[in-house]
Visitor: 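One structure is given below, represented as structure tokens, and several questions about it will come after.
In this text, all values refer to a predicted model and were calculated from it rather than measured experimentally.
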Amino acid sequence: MNHRDFSRDFSLENKTAVITGASSGIGLSIARMYAEKGANIVVYDLNPSNELEHFVTGLNRKYLFVKGDISNVNEHAQSVEGIINRTGKVDILVNCAGVGLIDDAENISEEMWDKTMNVNIKGLFFFTQQVGRSMIKNGGGKIISIASQAGIVALDQHIAYGVAKAGIIYMTKLLGYEWGGFNIQTNAVSPTIVLTPLGERVWDNEKGDRFKKQIPTGRFAYPEEVAACAVFLASDGAAMINGENLVIDGGYTIQ
């Protein structure tokens, strides 16, 4: 049996990573950590991040911003073609763009439902389809989608969000099954509440304190913890992990 030096497999050196929603929140942390591990970064988002651009280029990595709305399926083909023309190929796709609109099941509007689905699952899938086609042609790649614990267990006021995130988890399984033979590993990450600036504003209160009491570890996640898992799944060391959903919730969904 040949024993590989797996310590080398966790580098992302000279890989091209496309990250949707990378200008803020979890996506920003993933982009920063990918750059630290050697990847060149392509941001697909509504607005650029000067902070991220300076960070990536400061590490002598390539940075490209592509303005796009993930919910506008009609622009995906042109956007992905433009990315490939500029970078040569896409090695890693991270689906991080999303919206978190919540309301009671009896009150949620059709507009809120449609926006949640168009961004969190429809737009995500058809963008992935375009990138996946290029990965099939180019010999493989890694696809990581940010789902949620809300896609695993029922949470109050999360009817649309939970359905969309559950869809991402199942989509991950189906793509892992269909595209695994093309050397494409497709996986999802499902975090609990993450202490991004938005997460801190929403959950730094009594409601957050009550929620944390239900988590065995007694706290919420940091963006860097989600990013670390995304680094692992994007690395060669995770080549045999396919169609899985990595849960980062401190044990909230154990029962």
Visitor: So, the side chain of Lys67 versus the backbone of Leu46: is there a donor-acceptor pair under 3.5 Å, distance only?
Guide: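 Checked: pair present.
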
Visitor: So do Ile241 and Phe232 actually touch side chain to side chain, heavy atoms under 4.5 Å?
Guide: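 Yes, side chains in contact.
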
Visitor: Using the salt bridge (charged side-chain N to carboxylate O under 4.0 Å, His left out) rule, collect all pairs that involve residues 72-83, keeping only residues at least two apart or in two chains.
Guide: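 For residues 72-83, and leaving out neighbouring residues, there are no salt bridge (charged side-chain N to carboxylate O under 4.0 Å, His left out) pairs at all.
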
Visitor: Name the atoms and distances for all side-chain donor-acceptor pairs under 3.5 Å in residues 125-135, with sequence neighbours left out.
Guide:
{"from": "Thr128", "atom 1": "OG1", "to": "Asn95", "atom 2": "ND2", "distance (Å)": "2.9"}
{"from": "Thr128", "atom 1": "OG1", "to": "Leu124", "atom 2": "O", "distance (Å)": "2.7"}
{"from": "Ser134", "atom 1": "OG", "to": "Val131", "atom 2": "O", "distance (Å)": "2.6"}

Visitor: Nearest 0.5 Å, please: how far is CG in Leu12 from CZ in Arg61?
Guide: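 Output value for this atom pair is 9.5 Å.
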
Visitor: Could you tell me whether a side-chain N or O of His76 sits under 3.5 Å from a main-chain N or O of Asn74, the two making a donor and an acceptor?
Guide: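 A pair under 3.5 Å: no.
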
Visitor: Who pairs with Asp249 by side-chain contact (heavy atoms from CB on, under 4.5 Å), at least two apart in sequence or on another chain?
Guide: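 side-chain contact (heavy atoms from CB on, under 4.5 Å) list for Asp249, sorted by chain: Gln149, Thr192, Val247, Tyr252, Thr253.
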
Visitor: Between Phe10 and Ile248, is there shared hydrophobic-cluster membership here, with clusters defined by ILVMFWY side-chain heavy atoms closer than 4.5 Å?
Guide: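 Per the 4.5 Å side-chain linkage, Phe10 and Ile248 are co-clustered.
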
Visitor: About how many Å separate OG of Ser145 and CE of Met171, when rounded to the nearest 0.5 Å?
Guide: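 Output value for this atom pair is 4.0 Å.
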
Visitor: Is it true that Ile83 and Ile70 fall in one hydrophobic cluster, defined by side-chain heavy atoms closer than 4.5 Å?
Guide: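 As far as the 4.5 Å side-chain criterion goes, Ile70 and Ile83 are connected within one cluster.
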
Visitor: Applying side-chain hydrogen bond (donor to acceptor under 3.5 Å, both in side chains), name anything that partners Glu111, two or more places apart in sequence or on another chain.
Guide: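 Partners of Glu111 under the side-chain hydrogen bond (donor to acceptor under 3.5 Å, both in side chains) test: none.
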
Visitor: Do Val226 and Ile146 have side-chain heavy atoms sitting under 4.5 Å apart?
Guide: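 SC-SC contact between Val226 and Ile146 confirmed.
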
Visitor: Does the side-chain contact (heavy atoms from CB on, under 4.5 Å) test come out yes or no for Lys122 and Val73, once each step is laid out?
Guide: CA-CA 8 Å; Lys122 180 181 178 180; Val73 174; 4.1 Å; yes

Visitor: When rounded to the nearest 0.5 angstrom, what is the spacing between CZ in Arg86 and NZ in Lys62?
Guide: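 Output value for this atom pair is 10.5 Å.
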
Visitor: With a 4.5 Å heavy-atom cut-off, do Lys142 and Leu233 have their side chains touching?
Guide: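 In short, these two side chains do not touch, never coming nearer than 4.5 Å.
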
Visitor: Using side-chain contact (heavy atoms from CB on, under 4.5 Å) as the criterion, list what pairs up with Gln157, not counting sequence neighbours.
Guide: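 Applying side-chain contact (heavy atoms from CB on, under 4.5 Å) to Gln157 gives Ile102, Asp104.
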
Visitor: Can you tell me if Ser23 uses its side chain to pair, donor with acceptor, with the backbone of Asp45 under 3.5 Å?
Guide: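 Such a contact is absent between Ser23 side chain and Asp45 backbone.
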
Visitor: Report the residues that fulfil side-chain hydrogen bond (donor to acceptor under 3.5 Å, both in side chains) with Thr116, sequence neighbours left out, ordered by chain and then residue number.
Guide: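 Thr116 satisfies side-chain hydrogen bond (donor to acceptor under 3.5 Å, both in side chains) with no residue once adjacent residues are dropped.
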
Visitor: Before you tell me yes or no, could you show the steps for Ile136 and Trp179 under side-chain contact (heavy atoms from CB on, under 4.5 Å), namely the whole-Å CA-CA distance, both residues' side-chain angles and the distance that decides it to 0.1 Å?
Guide: CA-CA 8 Å; Ile136 290 171; Trp179 290 353; 3.9 Å; yes

Visitor: Donor-acceptor pairs under 3.5 Å, side chain of residues 202-211 to any protein atom, not counting sequence neighbours: which ones?
Guide:
{"from": "Asn205", "atom 1": "OD1", "to": "Lys207", "atom 2": "N", "distance (Å)": "3.1"}
{"from": "Asn205", "atom 1": "OD1", "to": "Gly208", "atom 2": "N", "distance (Å)": "2.9"}
{"from": "Asn205", "atom 1": "ND2", "to": "Val202", "atom 2": "O", "distance (Å)": "2.8"}

Visitor: Within 45° of the axis and under 6.0 Å from the centre of the six-membered ring of Tyr34, does NZ or CZ of Lys15 qualify?
Guide: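 Lys15 over Tyr34 ring: no.
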
Visitor: For Asn120 and Ala164, which heavy atoms make the closest approach, and how far apart are they?
Guide: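 Scanning both residues, the minimum pair turns out to be CB-CB, 3.8 Å.
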
Visitor: Tell me the salt bridge (charged side-chain N to carboxylate O under 4.0 Å, His left out) pairs involving residues 157-178, sequence neighbours left out?
Guide: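 For residues 157-178: none.
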
Visitor: Is it true that, when you exclude Phe55 itself, more than 12 heavy atoms of the residues, nucleotides or ligands shown sit nearer than 6.0 Å to its CZ?
Guide: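 Yes, enclosed.
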
Visitor: Asn60: which residues meet the side-chain contact (heavy atoms from CB on, under 4.5 Å) condition with it, sequence neighbours left out?
Guide: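 By the side-chain contact (heavy atoms from CB on, under 4.5 Å) rule, Asn60 matches no residue at all.
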
Visitor: Quick check: closest heavy atoms across Asn242 and Thr186, and the distance to 0.1 Å?
Guide: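 Heavy atoms only, the tightest pair is OD1-N, 2.9 Å.
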
Visitor: Considering residues at least two apart in sequence or located in another chain, which fulfil the side-chain contact (heavy atoms from CB on, under 4.5 Å) criterion with Ala227?
Guide: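 side-chain contact (heavy atoms from CB on, under 4.5 Å) check on Ala227 returns Ser29, Ile30, Met33.
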
Visitor: Look up atom CG in Leu59 and atom NE2 in His54, then write down how far apart they are to the nearest 0.5 Å.
Guide: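 Rounded to the nearest 0.5 Å, the CG-NE2 separation comes out at 13.0 Å.
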
Visitor: Are the side chains of Val66 and Val43 in touch, meaning some heavy atoms are under 4.5 Å apart?
Guide: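 No. Closest side-chain heavy atoms not under 4.5 Å.
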
Visitor: Treat each ILVMFWY residue as a node, draw an edge where side-chain heavy atoms are under 4.5 Å apart, and state whether Tyr161 and Ile152 are in one component.
Guide: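 No; Ile152 is not reachable from Tyr161 via cluster members.
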
Visitor: Can you list everything that forms a side-chain hydrogen bond (donor to acceptor under 3.5 Å, both in side chains) with Arg219? Sequence neighbours excluded, please.
Guide: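 side-chain hydrogen bond (donor to acceptor under 3.5 Å, both in side chains) check on Arg219 returns Glu225.
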
Visitor: Of all the heavy-atom pairs spanning Ala147 and Ile169, show the shortest one and how long it is.
Guide: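 Nearest heavy atoms, Ala147 then Ile169: CB-CG1, 3.7 Å.
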
Visitor: Please assess Ile144 against Ile92 for the test side-chain contact (heavy atoms from CB on, under 4.5 Å), listing each intermediate value before the final yes or no.
Guide: CA-CA 8 Å; Ile144 299 112; Ile92 304 160; 4.1 Å; yes

Visitor: Calculate, to the nearest 0.5 Å, the distance between atoms CD1 and CG belonging to Ile184 and Leu93 respectively.
Guide: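 Going from the CD1 atom of Ile184 to the CG atom of Leu93 covers 10.5 Å.
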
Visitor: If I compare all heavy atoms of Phe220 with all of Ile193, which pair ends up nearest, and what's the gap?
Guide: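 Scanning both residues completely, I find the closest heavy atoms to be CB-O, 3.3 Å.
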
Visitor: Identify the two heavy atoms, one from Gly167 and one from Ile121, that lie closest to each other, and give their separation to 0.1 Å.
Guide: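 What the structure gives for the nearest pair is C-CD1, 3.6 Å.
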
Visitor: In terms of side-chain heavy atoms, does Asn245 have a donor or acceptor partner in Ser190 at a distance below 3.5 Å?
Guide: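 Yes.
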
Visitor: Do Asn138 side-chain atoms and Val90 backbone N/O form a donor-acceptor pair below 3.5 Å?
Guide: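 Judged by distance alone, no pair lies under 3.5 Å.
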
Visitor: How does the hydrophobic cluster around Ile254 look, that is, which other residues are in it when side-chain heavy atoms under 4.5 Å mark a link?
Guide: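 Hydrophobic cluster check, Ile254: no partners found.
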
Visitor: Do Ile41 and Ile26 belong to the same hydrophobic cluster, where Ile, Leu, Val, Met, Phe, Trp and Tyr are linked whenever their side-chain heavy atoms lie under 4.5 Å apart, directly or via other members?
Guide: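 They do share one cluster, since a chain of ILVMFWY contacts under 4.5 Å joins Ile41 to Ile26.
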
Visitor: Taking the side chain from Lys89 and the backbone from Ile84, do they hold a donor-acceptor pair closer than 3.5 Å?
Guide: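 Checked: no pair found.
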
Visitor: How many angstroms lie between atom CE of Met112 and atom CD1 of Ile159, to the nearest 0.5 angstrom?
Guide: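 Spacing of CE (Met112) from CD1 (Ile159) equals 13.0 Å.
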
Visitor: Heavy-atom count around Glu110 CD within 6.0 Å, excluding the residue itself: above 12?
Guide: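 No, because the 6.0 Å sphere around CD of Glu110 holds 12 heavy atoms or fewer from other groups.
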
Visitor: Examine distances only and state if a side-chain atom of Asn107 and a backbone atom of Asp103 form a donor-acceptor pair shorter than 3.5 Å.
Guide: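 Checked: no pair found.
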
Visitor: Is there a chain of hydrophobic side chains (I, L, V, M, F, W, Y, each step under 4.5 Å between heavy atoms) that links Leu64 to Val56?
Guide: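 No, Leu64 does not connect to Val56 through the hydrophobic network.
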
Visitor: So, for Ala150 and Leu155, which heavy atoms are closest and what is the spacing to 0.1 Å?
Guide: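 Answer, listing the atom of Ala150 first, then Leu155: CB-CD1, 3.7 Å.
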
Visitor: Should Thr196 and Glu200 be marked as a side-chain contact (heavy atoms from CB on, under 4.5 Å) after you check the CA-CA gap, both sets of side-chain angles, and the distance that decides it?
Guide: CA-CA 6 Å; Thr196 62; Glu200 290 180 343; over 6 Å; no

